Every structure is written in C-alpha cells, then in structure tokens.
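Here the structure comes first, spelled out in structure tokens, and everything after it is commentary.
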Amino acid sequence: MTRTARSATLALTLAGALALSACGGGGFEEDGGSSAPASASGPVDLKMLIASSGDAETNAVKAAADAWAKKSGNTVTVTVASDMNQQLAQGFASGKPADVFYLDASRFADYAKNGSLFAYADQLSDNSDFYEPLRQTFTFDGKQYCAPKDFSTLALEINTDAWTKAGLTDADVPTTWEQLEAVSKKLTTKTQAGLGIGVGIDRLGAFVVQNGGWWLKDDGSGASANTPEVTQALEYVQRNVKAGNFKMSNQLDSGWGGEAFGTKKAAMTIEGNWIKGAVKNDYPDLKYKTVELPAGPKGKGTLQFTQCWGVAADSKAQAQAVDLVKSLTTVEQQMSFADAFGVMPSRQSAADAYKTKFPEDAPFIAGGEYGHGPINAPGMEQVVADLNSKLENFGGANLPQVLGGFDTNAGAALGK
C-alpha cells in the first residue's frame with residue numbers, strides 16, 4: 001500500500017471513530033465506570049468478533065467459546081472479521097455491536113472515550129495477576145476497562161553464524177547501548193548490516209523507553225516527544241545509521257526487520273516473538289538466538305503489543321460476556337491458546353509454565369514486567385502516521401523539527 005493510500009485509509013477510519021462519539025453506553029455510569037452489568041434472562045447467544053491469524057487461532061477460540069457455552073447453557077457465535085476496525089466501528093455506530101471482541105491497544109482509547117466499551121475489569125477478582133504494564137495499556141481516565149488477552153514484546157535476534165564468524169562469544173551479548181554499538185560494528189560487512197531495524201516508532205520507541213522518554217506524558221495529557229529523553233535516544237540510533245552499522249529495513253530493501261534478518265542483510269534485528277513463525281516458514285536454514293534488548297541509560301525497556309477482550313457498552317448480556325472473558329483468561333486457557341497459535345499469556349502466574357514449554361521465548365516474556373504499551377490517547381492515529389512518515393528517511397531526518405512537529409500535532413489532537 002502506498003503512503004497516500006495508507007493515509008487515506010487512516011483518515012476514513014478516524015472519521016468513523018469520530019462519528020461514534022454520539023454512541024450511547026448501556027451499562028455505563030456517567031463517569032464511564034461499570035455499574036451492575038446487563039444480564040439477559042434465560043440462555044443467551046453471545047456474538048464474538050475476532051481478528052484471526054489463521055485456522056489454528058480461529059479453531060482454538062471457537063473451541064474455548066464452545067466449552068464455556070456448554071458449561072453455562074449459553075451459546076457463542078464467533079465471527080472472523082475481514083476488517084476488524086471497520087466492523088467494530090459499524091457495530092458500535094448501529095447500536096448492535098458484538099458482545100465480546102478483540103480490541104487492539106492502539107484503538108482502545110478512542111472507543112473508551114466515546115462510550116463504546118463496558119468497563120468490567122473491576123469485576124475480575126484476580127485482575128492484579130495481569131502484567132501491570134498491560135493493565136495500564138487498557139486504562140483510560142484512571143479506569144481499567146478490559147482484560148489483556150495476550151501480548152508480545154520486542155527482543156534482539158542474533159544470527160549465530162554471523163556472530164561466530166565475527167569472533168564474538170556469549171560474553172559479547174550486548175546488555176548496554178555501548179555494547180550494542182560495538183558488536184554491530186564487528187558484525188557489519190560489505191553485504192550485511194550489524195543491526196537491521198524496522199521503520200517507525202513501533203521499533204524506534206524501544207530506544208526511547210530505554211532512555212526514560214515517551215511520546216506523551218505519563219497521564220496522556222500532553223505531548224512530550226521534543227524532550228532530551230526522546231531526542232537523545234533517536235540521535236543514538238541515527239548516529240549509528242549514518243555510520244552504517246545500523247540500517248533501517250527500507251535501506252535494506254526489506255519490508256520489515258525480520259525480512260532483512262532472514263535474508264541475511266542484517267546480522268541482528270529487533271522484532272517480536274512473531275519472528276519465530278516467519279523464520280520457520282520462510283528461512284528454515286537460518287540459525288539464530290533471541291536475547292533481551294540491551295538496557296539504555298535509564299534501564300531496561302521494550303515495547304508491548306497487546307489486545308484485550310472488549311465487552312460492548314450496548315450489549316444486553318454483559319454479565320454473560322464478562323463470565324465468558326473470565327473463562328477465556330484462565331491460566332489453563334491462555335496456555336492452551338499458546339500451544340495452539342503461539343501467543344504469550346498475559347497473566348504473570350502463567351509465565352513459568354510458558355517458559356518451561358517455550359524456553360526460547362524467555363526474553364520476550366521478560367519484557368512483560370518492564371515493557372511499554374502503545375500511545376494511549378484518543379485521536380492520535382493520524383498524528384502517529386504522520387510521525388512515521390517523517391521518520392522513513394531516518395538517517396536524514398531533522399529530529400528536533402520532526403519531534404517538534406509531532407508535539408504540535410499531538411497537542412492539537414488532544415485539545416491542548
């Protein structure tokens with residue numbers, strides 16, 4: 001998709017989200033909190049809308065929903081969305097949304113603000129078992145709305161053949177920015193960059209977190225990109241890009257960091273646990289290992305990508321929907337999902353079982369404790385898209401100008 005087409009799509013999505021601002025919230029108090037949930041009498045047929053990665057995920061979710069339905073005496077109809085954002089928006093606008101649905105963290109704040117969501121997290125007796133950063137990701141105006149479904153984080157992938165060829169050992173695995181820079185220089189050859197990084201803030205943001213910065217203030221009340229913490233983090237990456245030992249994926253004629261890594265155009269990359277499937281399917285001969293991202297000046301940091309189980313404010317069966325969510329988020333069920341389609345459990349109490357089953361994923365699970373979710377404020381989608389477009393030519397980007405522009409645009413979107 002071209003940049004122009006992508007921008008047009010985002011604009012249409014935002015327009016749809018804005019149109020939802022008039023949607024009511026059956027089951028809400030005026031402050032957006034949860035009152036006693038609506039409960040239909042007799043058996044109910046819950047509607048569930050999911051965005052599936054394939055048959056394995058679809059079948060696993062349907063099996064879990066069917067198991068709850070059989071036990072509770074209700075039924076669940078699971079629909080796989082062809083366009084999740086569009087179908088969610090249409091359902092909310094019509095007043096007849098799915099009762100339960102996947103809700104991506106990047107869209108959460110828009111729907112929380114306009115009253116489309118039923119806030120049920122306070123009904124989960126073991127809510128504190130979910131990783132705290134994930135809980136914060138689904139918190140708006142001080143209230144957590146929904147239960148994190150699962151999550152992924154970024155880690156550092158290393159081509160072990162390239163590592164050995166460069167004379168590096170386990171003792172050289174980088175744990176600081178200085179060490180990352182040093183090993184990337186040793187790994188760089190005429191045909192291979194030391195580190196390949198995907199374009200945009202969904203990868204660069206990890207460095208920002210490691211330097212104690214973020215694009216918005218902690219409470220989401222204003223922009224904070226044009227600050228020393230953010231600027232210095234991006235300058236570190238840019239300096240290495242200009243030196244040639246770091247390269248962005250578009251410099252390597254690759255669509256993402258995993259492609260640059262798989263085709264051996266980069267000896268290291270920064271990606272999430274989804275890279276396992278890509279390597280298995282597309283680069284089966286690649287030998288690599290995964291380690292935690294090096295810490296920055298302010299400590300460890302990574303990015304988290306997550307969804308929650310949303311429940312609609314307009315659902316007439318909120319009580320049953322919440323009960324279904326409770327069933328879907330037990331440790332046992334989350335581990336079943338992990339086995340079926342590779343997601344990581346959002347519960348801390350499942351971490352040991354997951355690491356025992358998938359020891360190679362320990363660096364990803366570790367990020368559950370110190371990771372940072374996406375920009376969590378309404379109306380920011382187009383602002384973020386504009387920032388990413390200005391960072392596409394990262395080596396030549398005027399960082400103070402780009403970050404100042406983001407702060408201006410974000411302030412306007414936030415009404416500041």
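Keep in mind the model is a prediction, meaning the values are calculated, not measured. In this chain, residues are counted from 1 in sequence order.
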Q.
Using a 3.5 Å distance criterion without hydrogens, assess whether the side chain of Asp150 forms a donor-acceptor pair with backbone atoms of Val343.
A.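 Checked: no pair found.
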Q) Should the pair Trp309 and Tyr102 be assigned to parallel (<30°), tilted (30 to 60°) or perpendicular (>60°) ring geometry? A)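 Answer is perpendicular, since the angle exceeds 60°.
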Q. Angle class for the Trp177/Tyr236 ring planes (parallel below 30°, perpendicular above 60°, tilted otherwise)?
A.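 Parallel: the ring planes of Trp177 and Tyr236 meet at under 30°.
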Any carboxylate oxygen within less than 4.0 angstrom of a Lys/Arg side-chain nitrogen, looking at [X] and [Y]?
{"X": "Arg203", "Y": "Glu271", "result": "yes"}
{"X": "Glu259", "Y": "Lys265", "result": "no"}
{"X": "Asp66", "Y": "Lys70", "result": "no"}
{"X": "Asp361", "Y": "Lys276", "result": "yes"}
{"X": "Arg107", "Y": "Glu381", "result": "yes"}

Roughly how far, to the nearest 0.5 Å, is [atom2] of [Y] from [atom1] of [X]?
{"X": "Glu57", "Y": "Ile50", "atom1": "CD", "atom2": "CD1", "answer": "5.5 Å"}
{"X": "Lys280", "Y": "Asp282", "atom1": "NZ", "atom2": "CG", "answer": "12.0 Å"}
{"X": "Asn226", "Y": "Asp407", "atom1": "CG", "atom2": "CG", "answer": "5.5 Å"}
{"X": "Gln382", "Y": "Leu387", "atom1": "CD", "atom2": "CG", "answer": "11.5 Å"}
{"X": "Asn388", "Y": "Leu204", "atom1": "CG", "atom2": "CG", "answer": "8.5 Å"}
{"X": "Ser106", "Y": "Asn376", "atom1": "OG", "atom2": "CG", "answer": "10.0 Å"}

Going by distance alone, is a donor N or O of one side chain under 3.5 Å from an acceptor N or O of the other, for [X] and [Y]?
{"X": "Gln334", "Y": "Ser346", "answer": "yes"}
{"X": "Gln87", "Y": "Ser82", "answer": "yes"}
{"X": "Asp45", "Y": "Thr77", "answer": "yes"}
{"X": "Glu132", "Y": "Tyr370", "answer": "no"}
{"X": "Gln144", "Y": "Asn127", "answer": "yes"}
{"X": "Thr58", "Y": "Ser52", "answer": "yes"}
{"X": "Gln179", "Y": "Thr175", "answer": "yes"}

Nearest heavy atoms of [X] and [Y], plus distance in Å:
{"X": "Met344", "Y": "Asn273", "result": "CG-ND2, 3.6 Å"}
{"X": "Gly205", "Y": "Trp215", "result": "CA-CZ2, 4.0 Å"}
{"X": "Ala65", "Y": "Leu328", "result": "N-CD2, 4.5 Å"}
{"X": "Phe92", "Y": "Pro97", "result": "CD2-CB, 3.7 Å"}
{"X": "Gly379", "Y": "Ala413", "result": "O-CB, 3.4 Å"}
{"X": "Phe337", "Y": "Ala64", "result": "CZ-CB, 3.8 Å"}

Q. Hey, which of Phe108, Phe138, Phe118, Tyr111 is the one that makes ring-ring contact (aromatic ring centres under 6.0 Å, His included) with Tyr145?
A.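 Going through Phe108, Phe138, Phe118, Tyr111 one by one, the ring-ring contact (aromatic ring centres under 6.0 Å, His included) with Tyr145 is satisfied by Phe108 alone.
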Do [X] and [Y] come close enough that some side-chain heavy atom pair is under 4.5 Å?
{"X": "Asp161", "Y": "Tyr288", "answer": "no"}
{"X": "Leu88", "Y": "Leu103", "answer": "yes"}
{"X": "Val311", "Y": "Asp99", "answer": "no"}
{"X": "Arg135", "Y": "Ser128", "answer": "yes"}
{"X": "Leu46", "Y": "Thr75", "answer": "no"}
{"X": "Thr290", "Y": "Glu360", "answer": "no"}
{"X": "Leu180", "Y": "Phe207", "answer": "yes"}
{"X": "Phe394", "Y": "Ile197", "answer": "no"}

(Q) What verdict does the salt bridge (charged side-chain N to carboxylate O under 4.0 Å, His left out) test give for Asp104 and Lys149, after you've listed the backbone C-alpha separation in whole Å, the side-chain angles of each residue and the deciding distance to 0.1 Å? (A) CA-CA 10 Å; Asp104 192 80; Lys149 182 173 73 69; over 6 Å; no
Near [X] [atom1], under 6.0 Å, is it more than 12 heavy atoms from other residues, nucleotides or ligands?
{"X": "Lys96", "atom1": "NZ", "result": "no"}
{"X": "Asp219", "atom1": "CG", "result": "yes"}
{"X": "Asn281", "atom1": "CG", "result": "yes"}
{"X": "Lys113", "atom1": "NZ", "result": "no"}

Q.
Under the side-chain contact (heavy atoms from CB on, under 4.5 Å) test against Lys247, which residue among Val241, Leu252, Asn240 passes?
A.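 Single pass found, and it is Leu252.
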Q) Can you check ring-ring contact (aromatic ring centres under 6.0 Å, His included) on Phe305 and Phe151, steps first, answer last? A) CA-CA 6 Å; Phe305 305 88; Phe151 78 111; over 10 Å; no
Q.
For Arg347 and Asp126: C-alpha separation, side-chain torsions, deciding distance, then whether salt bridge (charged side-chain N to carboxylate O under 4.0 Å, His left out) applies.
A. CA-CA 10 Å; Arg347 287 191 176 277; Asp126 53 358; 3.2 Å; yes
Q | Intermediate values then yes/no, side chain to side chain donor-acceptor pair (under 3.5 Å), Asn74 and Trp68 | A | CA-CA 8 Å; Asn74 300 296; Trp68 173 84; over 6 Å; no
**Q.** Check against salt bridge (charged side-chain N to carboxylate O under 4.0 Å, His left out), Glu369 and Lys300
**A.** CA-CA 10 Å; Glu369 297 182 359; Lys300 289 185 175 183; over 6 Å; no
